[in-house]
Number of protein chains: 2
Amino acid sequence: MHYIVLYDTLLVMTDTAQIYNVENTQSQMRKGFLEFPVLLIIGAKPTYAPDILKQLKKANLLVVEGTLYPLLSRLKRYGLVQYVWQESTGGPPRKMYTVTKEGKEVLTQLEESWKSLDASVKGLIKHYEKN
Amino acid sequence: MHYIVLYDTLLVMTDTAQIYNVENTQSQMRKGFLEFPVLLIIGAKPTYAPDILKQLKKANLLVVEGTLYPLLSRLKRYGLVQYVWQESTGGPPRKMYTVTKEGKEVLTQLEESWKSLDASVKGLIKHYEKN
DNA sequence: ATACAGTACTATGTAATGCAAGGTACCTAT
DNA sequence: ATAGGTACCTTGCATTACATAGTACTGTAT
């Protein structure tokens with residue numbers, strides 16, 4: 001049997017091609033994921049935003065202010081971290097963040113999630129990389 | 001020196017706590033990332049959507065129709081995959097997807113990105129896991 | 001004093017994507 | 001005809017990364 005009209009998709013065969021941007025995908029790859037390394041860093045010892053940025057950068061995870069501050073507010077709102085104000089020798093005071101008990105539990109779960117995801121991807125690569 | 005008024009943040013100290021949901025983070029972790037395993041699967045051999053879903057499920061990557069179909073459209077729009085209609089013994093015809101030359105190049109880049117991300121996270125975990 | 005640079009935190013708007021939910025279309029068997 | 005299975009598509013919502021602009025505090029040079 002032959003199909004003459006096949007859904008409406010035939011009508012959009014003249015898709016205007018778009019330019020693919022790897023950086024966008026890399027950015028999207030970080031969505032939600034970032035909570036994990038940030039919690040890791042704060043969990044190690046009390047820290048404040050600019051220092052977190054430095055540590056992320058050192059770990060090759062480029063994050064900017066506009067991403068980190070809302071993320072910290074979110075973690076605070078969910079009770080995963082807390083902070084105390086601390087005066088600085090030069091410049092305005094800092095919000096020193098620490099991970100709460102709930103935060104540590106979530107951190108454990110996120111580590112599990114990450115390991116699971118990592119294992120899945122490794123499996124897929126091994127299975128399909130002969131192309 | 002002591003600070004009496006510290007930005008406007010003092011005014012919102014009574015944040016209403018919200019419930020944190022790990023599943024949401026796991027869902028966000030997949031953002032953008034999904035293109036990678038889907039390209040891997042299609043790259044191995046021509047496939048169609050329901051089969052891709054099965055393979056992802058087998059790899060412990062739970063994805064649903066409402067996520068996969070728009071993703072495939074996107075990959076097509078960017079010229080990373082293409083498809084041909086293929087009749088099925090029972091049921092409607094299938095869109096059999098294959099990876100284009102451009103798609104293979106992107107696939108290589110995504111694999112690099114993933115390895116880099118993986119290495120960063122592993123480094124962070126090793127560095128901070130003594131908490 | 002005043003201006004300026006540096007540090008720290010905040011707020012707004014945009015784009016991208018995962019997902020739930022509902023829908024259309026084709027095929028076979030009853 | 002009708003029902004059930006298969007395959008594909010669409011709409012609307014929630015979330016989050018990021019660019020950009022802004023506020024506030026401190027020390028230093030003019």
Side-chain angles (χ1 to χ4, degrees), chain A residues 1-12 18 20-21 23-35 38 47-54 56 61-78 83 85-97, chain B residues 1-12 18 20-21 23-35 38 47-54 56 61-78 83 85-97:
Chain A
M1 181 165 301
H2 292 270
Y3 302 98
I4 303 194
V5 173
L6 222 37
Y7 308 107
D8 293 344
T9 45
L10 283 184
L11 302 176
V12 293
Q18 288 182 17
Y20 176 80
N21 185 359
E23 286 173 32
N24 174 45
T25 296
Q26 291 171 337
S27 164
Q28 293 293 332
M29 263 194 188
R30 286 198 285 271
K31 282 225 168 173
F33 156 78
L34 278 178
E35 292 180 7
V38 168
T47 346
Y48 65 110
D51 191 37
I52 296 175
L53 285 175
K54 273 178 212 144
L56 287 173
L61 295 172
L62 290 188
V63 181
V64 294
E65 273 196 333
T67 299
L68 182 60
Y69 280 106
L71 197 163
L72 289 172
S73 301
R74 226 157 52 225
L75 295 177
K76 167 81 167 55
R77 194 164 61 244
Y78 288 123
Y83 64 80
W85 284 100
Q86 190 171 89
E87 297 184 26
S88 163
T89 56
R94 301 162 174 171
K95 281 187 176 176
M96 297 300 286
Y97 284 92
Chain B
M1 179 164 305
H2 292 269
Y3 302 97
I4 303 196
V5 173
L6 224 36
Y7 307 107
D8 293 344
T9 45
L10 282 184
L11 302 176
V12 294
Q18 287 182 19
Y20 176 80
N21 186 358
E23 285 172 34
N24 175 45
T25 296
Q26 290 171 338
S27 165
Q28 293 293 331
M29 263 194 188
R30 286 197 283 271
K31 281 225 169 174
F33 156 78
L34 278 178
E35 291 179 9
V38 168
T47 347
Y48 65 110
D51 192 38
I52 296 175
L53 284 177
K54 273 179 212 142
L56 287 173
L61 295 173
L62 291 187
V63 181
V64 294
E65 274 196 332
T67 298
L68 183 59
Y69 281 106
L71 196 163
L72 290 172
S73 300
R74 225 157 51 226
L75 295 177
K76 167 81 167 55
R77 194 164 60 244
Y78 288 124
Y83 64 80
W85 284 101
Q86 192 171 89
E87 295 184 26
S88 164
T89 56
R94 302 162 173 173
K95 280 187 174 176
M96 297 300 286
Y97 283 93

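Throughout, protein chains are lettered first and strands after them, A, B, ... in sequence-line order, and every chain is numbered starting at 1.
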Visitor: Round to a whole Å and report the spacing from CD of A:Glu87 to P of C:dT7.
Guide: 19 Å
Visitor: Atom CG of A:Leu61 to atom P of D:dA17: distance rounded to whole Å?
Guide: 12 Å
Visitor: Taking only N and O in the side chain of A:Tyr48, is any of them less than 4.0 Å away from OP1 or OP2 of C:dC9?
Guide: no
Visitor: Base, sugar-phosphate or nothing for B:Glu35? Non-hydrogen atoms, less than 4.0 Å.
Guide: sugar-phosphate
Visitor: At a cut-off of 3.5 Å, list every protein nitrogen or oxygen paired with a nitrogen or oxygen from nucleotides 19-22 of chain C, distance to 0.1 Å.
Guide:
unit_1	atom_1	unit_2	atom_2	d
C:dC19	OP1	B:Arg30	NE	3.2
C:dC19	OP1	B:Arg30	NH2	2.3
C:dC19	OP2	B:Thr67	OG1	3.2

Visitor: C:dA8 C1' sits how many Å from A:Asp51 CG, rounded?
Guide: 13 Å
Visitor: Give, for atom OG1 of A:Thr67 and atom CG of A:Leu62, the distance between the pair rounded to the nearest 0.5 Å.
Guide: 11.0 Å
Visitor: Could you go through nucleotides 28-30 of chain D and list every protein N or O atom that sits under 3.5 Å from one of its N or O atoms, giving the distance for each pair?
Guide:
none

Visitor: What residues form a side-chain contact (heavy atoms from CB on, under 4.5 Å) with B:Glu65, not counting sequence neighbours?
Guide: B:Leu53, B:Tyr69
Visitor: Once you round it to whole Å, what is the distance between P of D:dA17 and CZ of A:Phe33?
Guide: 10 Å
Visitor: When rounded to the nearest 0.5 angstrom, what distance separates CH2 in A:Trp85 from CZ in A:Arg94?
Guide: 12.0 Å
Visitor: Scan A:Leu61, A:Val63, A:Leu56 and name whichever one has a side chain to side chain contact (heavy atoms under 4.5 Å, CB included) with A:Val38.
Guide: A:Leu56
Visitor: So, is A:Arg77 close to the D:dT15 phosphate, meaning a side-chain N or O under 4.0 Å from OP1 or OP2?
Guide: no
Visitor: What is the distance, rounded to the nearest whole Å, between atom CG of B:Leu71 and atom P of D:dC8?
Guide: 14 Å
Visitor: State, to 0.1 Å, how close A:Ser88 and A:Gly90 come at their nearest heavy-atom pair, and which atoms those are.
Guide: OG-O, 3.1 Å
Visitor: Tell me the interatomic distance from A:Tyr83, atom OH, to C:dC9, atom C1', rounded to whole angstroms.
Guide: 10 Å
Visitor: Quickly work out the B:Leu75 CG to C:dA16 P distance and round it to whole Å.
Guide: 15 Å
Visitor: So how far is it from B:Arg74 CZ to B:Leu68 CG, rounded to the nearest 0.5 Å?
Guide: 10.0 Å
Visitor: Would you compute the distance between atom CG of A:Leu72 and atom CD1 of A:Ile52 and round it to the nearest 0.5 angstrom?
Guide: 5.0 Å
Visitor: Mind checking the CG-OH spacing from B:Leu75 to B:Tyr97? Nearest 0.5 Å is all I need.
Guide: 8.5 Å
Visitor: Taking atom C1' of C:dA11 as reference, at what distance in whole Å does atom CG of A:Leu68 sit?
Guide: 15 Å
Visitor: Which nucleotide, C:dA25, D:dT16, C:dG6, lies nearest any side-chain atom of A:Arg74?
Guide: D:dT16
Visitor: By nearest heavy atom, map A:Thr89 and B:Gly90 onto DNA chain D; which one lands nearer the 5' end?
Guide: B:Gly90
Visitor: Counting only side-chain N and O atoms of A:Tyr69, is one of them less than 4.0 Å from OP1 or OP2 of C:dT10?
Guide: no
Visitor: Could you give the distance from NZ (A:Lys95) to OH (A:Tyr48), rounded to the nearest 0.5 Å?
Guide: 15.0 Å
